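Read the structure below first, then the notes.
Proteins come first, then strands; the chains are lettered A, B, ... in the order of their sequence lines, and each starts at number 1. As the structure is a prediction and not an experimental result, all values here were calculated from the model.
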2 protein chains.
Amino acid sequence: MPDELTLRKLFPNLEDGLYEELLQYGNVRSFAAGSVILKKGHPIRSTMMVIEGVVKLSQDDDEGDEFFVYHLEPGQACALSMVCNFGHEKSEASAKAITDVVVLSIPLQYMEKWLGEYKSWHYFVIKTYRSRYNDLLQTVNEIAFRNMDERLEFYLLKQVKQFGNHVKLTHQEIANDLNSSREVISRLMKKMEKNGWISIHRNSFEWLRK
Amino acid sequence: MPDELTLRKLFPNLEDGLYEELLQYGNVRSFAAGSVILKKGHPIRSTMMVIEGVVKLSQDDDEGDEFFVYHLEPGQACALSMVCNFGHEKSEASAKAITDVVVLSIPLQYMEKWLGEYKSWHYFVIKTYRSRYNDLLQTVNEIAFRNMDERLEFYLLKQVKQFGNHVKLTHQEIANDLNSSREVISRLMKKMEKNGWISIHRNSFEWLRK
DNA sequence: TGGCTTGAGTGATTACTATCACAGAAGGAC
DNA sequence: GTCCTTCTGTGATAGTAATCACTCAAGCCA
C-alpha cells in the first residue's frame, strides 16, 4: 500500500494536491507474478501507474503469439491505458506481471479531469507517451534491421538491465518474446556461451560480459 | 499560405485565440516533393503541423537504410518533433516530403507555452501521440508476425489509401521502404499481378482489387 | 534512329531461420 | 533410487528472403 512519500519518490514533480487525489481516487491493485493484467481485445477502463514490480508489455497477433515490446518498472505508467479518454478503444497489446506487481489504477474520469486541473499531470502524461514511443521506435529498429543473433543480444541485455545478471527465463520463453523458436534461441545462446558472454543454466542464464 | 479558415478546417476544435497565435507565431515552410524535412541525428527545434501534401516518416539505421513507418497528411502533426520540450534530443527518424508540402512550424517555446494556456492544445498533442503510437504498434505487428508478401500487401494498400489507385513508386523504392530487395519485391508484385490484384507499369502500379 | 540510362523480370545460389525428430540432462514426485 | 516431466542440445530438412548475374524493356536525348 503506497503512501504519499512513496508516490513522491516514484513520480516526482507532481503538484501537492495531485498526490492527495492520486491516493484518494486511485485504486491499489496487486498482481501475482505471472498473472495477466491486461489482455488484448479487452477495453481499457483505467490508467496504470506502476508502484512495485515489473510489467511486461507485449504486442499480440491473432494466433495468440506474444511479441515482447518493453518493460514497465516502478515510476512508469502505461501509455496504452492513457489513450482511452478520447474513445473507448480496446487494447491492442497485453500486459503481464513478471514479478509480483502493485499498481495504482486511475479511473479514466480522473485521468481526464486532472488533465485540465494539474499542469504537472499533463506533463506526466506527455512524458509517458514520449518514453513509450521511443521504446517502440527502438523495437522497430531492431526487428527491421537486425538478425536474430543481434536481436537476442539486445533482448538479453534488456532483461539483465531489468533483473540483474542472473535472469530466470527458459529458452522457450525467450523464443516466444522474440517470435522465434526454441531451437534457434538454444543454438544462438550456446554460441554466446562459447564466446564467454553468458553461462547457461537450467531455467536461467547468467550474463558474464561487461 | 494558410489562413485561419484553413487551419480551422484542418485542425478543428482548438480555441479561438489559439488559431490566432498559430498564425502569428508559426512559420509557414514549404518543401518540394522529394526533399528532406528532418534528418536522423539532427536536433529538433520545432513542431510540424502538416497543411498540405504528404510527409513520409522513416526509421533509419546506422548504415543509412530507411524503413517506412507512416505517412503524415494535412491535419496531422509530427509526434517526434513534440518530444523536445523536455530535453534537447535528436531525431531518431527522418521525415521526407513525398509531394510538395506546406507545414506550419511551431517553435518549441510556443509549443510548450500553449500547453499551459490552451486546453485544446494539450488535447491535440496527446491525440497526436496516441495516433502515432498506434501507427507504430501496427508496424511492429506487421514486421514481427507477417511475411514479406503480406507486408507488401499492407504497404501497397497504405500507399493506395494515401495517393489513390495509381501510385508512382519504383520497385526499388518499395524495397527500401520495406527493408527488402528489389528482386524480391519484383517477384511478389508479379505474383500479385497474376492474381489480378494490381497492374504493373514502369515507375508505377495500379491497384485493381476492391 | 541509335545509344544510353534506368527500371523490371528471372534463374541460380546462398544465408538465415523455422521445423521436425530425436537424444540426453536436470530435477521433482513417489 | 526410479519414474516422469520439463528443459536443453543437435543433426537433418525445408522454406523464405537476400544476393548474384544476367537479359530485356522503356523512355530519354542528341
Side-chain angles (χ1 to χ4, degrees), chain A residues 33-34 61 63-68 140 142-156 159 166-208, chain B residues 33-34 61 63-68 139-156 159 166-208:
Chain A
D61 78 349
E63 281 88 46
D65 297 320
E66 300 188 358
F67 184 86
F68 171 74
V140 169
E142 288 168 17
I143 53 181
F145 298 122
R146 305 300 173 180
N147 285 350
M148 197 48 81
D149 52 352
E150 290 185 276
R151 288 178 49 203
L152 177 60
E153 193 188 331
F154 288 136
Y155 173 86
L156 295 183
Q159 306 299 319
H166 189 260
V167 179
K168 254 187 76 58
L169 277 175
T170 67
H171 296 181
Q172 184 63 63
E173 289 169 327
I174 296 172
N176 291 344
D177 279 355
L178 294 171
N179 199 40
S180 177
S181 67
R182 183 190 61 76
E183 296 93 320
V184 170
I185 300 302
S186 222
R187 277 188 255 266
L188 291 175
M189 287 183 74
K190 205 71 204 163
K191 208 192 282 178
M192 294 174 85
E193 192 177 43
K194 276 186 188 127
N195 291 338
W197 297 8
I198 60 173
S199 91
I200 299 175
H201 315 295
R202 188 185 172 83
N203 291 315
S204 71
F205 69 92
E206 220 165 328
W207 190 258
L208 301 176
Chain B
D61 78 350
E63 281 88 48
D65 296 320
E66 299 189 357
F67 183 86
F68 171 73
T139 301
V140 169
N141 225 322
E142 287 170 17
I143 53 182
F145 298 121
R146 305 299 173 182
N147 284 351
M148 198 48 82
D149 53 351
E150 291 184 277
R151 289 177 48 205
L152 177 60
E153 192 187 331
F154 289 136
Y155 173 86
L156 295 183
Q159 306 299 319
H166 189 259
V167 179
K168 254 186 75 59
L169 278 175
T170 67
H171 295 183
Q172 184 62 63
E173 289 168 327
I174 296 171
N176 292 344
D177 279 355
L178 293 172
N179 198 42
S180 177
S181 65
R182 183 190 60 76
E183 297 93 321
V184 170
I185 300 302
S186 222
R187 278 188 253 265
L188 291 175
M189 286 183 74
K190 205 72 202 163
K191 207 192 283 178
M192 294 174 85
E193 191 177 44
K194 273 185 192 129
N195 290 338
W197 298 7
I198 59 173
S199 91
I200 299 175
H201 315 294
R202 188 184 173 83
N203 292 315
S204 71
F205 69 91
E206 220 165 328
W207 190 260
L208 301 176

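- Look at CD1 on B:Ile200: it is 16 Å from P on D:dA25, rounded to the nearest Å.
- Atom pair A:Arg182:CZ and D:dT6:P shows a separation of 14 Å (rounding to whole Å applied).
- Within the 4.0 angstrom heavy-atom criterion, only backbone atoms of the sugar-phosphate kind lie near B:Thr170; the bases stay farther away.
- Between B:Ile200 and B:His171, some side-chain heavy-atom pair lies under the 4.5 Å cut-off.
- Scanning for side chain to side chain contact (heavy atoms under 4.5 Å, CB included) contacts around A:Asn176 gives A:Gln172, with sequence neighbours left out.
- Partner B:Tyr155 forms a ring-ring contact (aromatic ring centres under 6.0 Å, His included) with one of B:Trp207, B:Phe205, B:Phe67, B:Phe68 and no other, that one being B:Phe68.
- Between B:Leu178 atom CG and D:dT16 atom P the separation is 18 Å, expressed in whole Å.
- Under a 3.5 Å cut-off, the side chain of A:Asp61 and the backbone N or O of B:Phe145 do not form any donor-acceptor pair.
- As a whole-Å value, the separation of B:Arg151 CZ from D:dA17 C1' is 11 Å.
- A straight line from CG of A:Leu188 to P of D:dT10 spans 13 Å, rounded to a whole angstrom.
- Bounding nucleotides for the chain B contact on DNA chain C, 5' to 3', at a heavy-atom distance below 4.0 Å, are C:dT6 to C:dA12.
- One donor-acceptor pair, N or O on each side, does fall under 3.5 Å between the base of D:dC20 and the side chain of B:Glu183.
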(message) Test side chain to side chain contact (heavy atoms under 4.5 Å, CB included) on B:Leu169 and B:Leu156; report intermediate values, then the result.
(response) CA-CA 10 Å; B:Leu169 278 175; B:Leu156 295 183; 5.6 Å; no
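- Regarding A:Phe205, its CZ atom lies at a distance of 13 Å from the P atom of D:dG9, rounded to whole Å.
- A straight line from CZ of B:Arg187 to P of D:dA17 spans 11 Å, rounded to a whole angstrom.
- Nearest-nucleotide positions on DNA chain C place A:Asn147 closer to the 5' end than the other of A:Asn147 and A:Asn203.
- Between A:His171 and D:dG9, a side-chain N or O to OP1/OP2 separation shorter than 4.0 Å is present.
- Residue A:Glu193 contributes atom CD, which lies 10 Å from atom P of D:dT10 at whole-angstrom precision.
- Not a single donor-acceptor contact under 3.5 angstrom links the side-chain atoms of A:Arg202 to the base of D:dT5.
- Between B:His201 and B:His166, the ring planes are tilted. Angles from 30° to 60° get that label.
- Between A:Leu152 and A:Met192 there is a side-chain heavy-atom pair separated by less than 4.5 Å.
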